[in-house]
Amino acid sequence: MQVHYAEGKGEAARAALHAFLDALPGWPGFLGAELLLSPAQPELTLVASRWADEVPPVPLPDGVRAWVFQVQASR
């Protein structure tokens with residue numbers, strides 16, 4: 001399993017990442033995702049998504065950075 005994190009700052013990024021989240025279920029291997037906000041970092045928005053295999057080439061909104069992590073252990 002892989003985990004994909006997409007990160008953006010500001011209100012425009014928050015709206016774009018919400019739309020990004022809504023589009024993810026149409027991609028093969030999608031297992032689930034969350035839109036994350038932190039009171040400690042109010043400008044920051046994250047989408048954390050889980051994938052059965054490799055993350056497909058999902059298009060990122062402008063100004064959004066992303067990373068893919070390979071799950072090594074889970075409980």
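- Across all their heavy atoms, Ala6 and Phe20 have their closest contact at CB-CE2, 4.0 Å.
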Could you please spell out the steps behind the side-chain contact (heavy atoms from CB on, under 4.5 Å) verdict for Val68 and Val3?
CA-CA 6 Å; Val68 175; Val3 177; over 6 Å; no
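- Crowding of Tyr5 atom OH: a count of heavy atoms from other residues, nucleotides or ligands under 6.0 Å not exceeding 12.
- Taking Ile, Leu, Val, Met, Phe, Trp and Tyr as hydrophobic and joining them when side-chain heavy atoms fall under 4.5 Å apart, one finds Leu46 in a cluster with Leu36.
- Ionic pairing of Glu7 and Arg65 is present here: one or more N-O contacts between side-chain nitrogen and carboxylate oxygen are shorter than 4.0 angstrom.
- Note: Lys9 NZ to Arg14 CZ = 12.5 Å, rounded to the nearest 0.5 Å.
- One hydrophobic cluster, built from ILVMFWY side chains closer than 4.5 Å, cannot hold both Trp67 and Leu60; they sit in different ones.
- The two atoms that bring Ala33 and Val47 nearest to each other are CB-CG1, 4.4 Å, heavy atoms only.
- Shown here for Ala66 and His4, the closest heavy-atom pair between the two residues is CB-NE2, 3.5 Å.
- Gly8 and Val64 get closest at one heavy-atom pair: CA-CG2, 4.5 Å.
- Residues Leu24 and Trp51 meet the side-chain proximity criterion, which asks for heavy atoms closer than 4.5 Å.
- Linking Ile, Leu, Val, Met, Phe, Trp and Tyr whenever their side-chain heavy atoms come within less than 4.5 Å puts Met1 and Phe69 in one cluster.
- In terms of heavy-atom proximity, Pro25 sits nearest to Leu21 at CD-O, 3.5 Å.
- Side-chain contact between Leu35 and His18: present, with at least one pair of heavy atoms (C-beta onward) separated by less than 4.5 Å.
- Placement of Leu17 and Val58 within a single hydrophobic cluster is found when ILVMFWY residues are connected by side-chain heavy-atom separations under 4.5 Å, directly or transitively.
- Put simply, the side chain of Gln2 never gets that close to the backbone of Gln70: no donor and acceptor are under 3.5 Å apart.
- Of all heavy-atom pairs spanning Pro56 and Pro28, the tightest one is CG-O, 4.0 Å.
- Residue pairs meeting the side chain to side chain donor-acceptor pair (under 3.5 Å) criterion with at least one member in residues 24-34, sequence neighbours excluded, are Glu34-Arg50.
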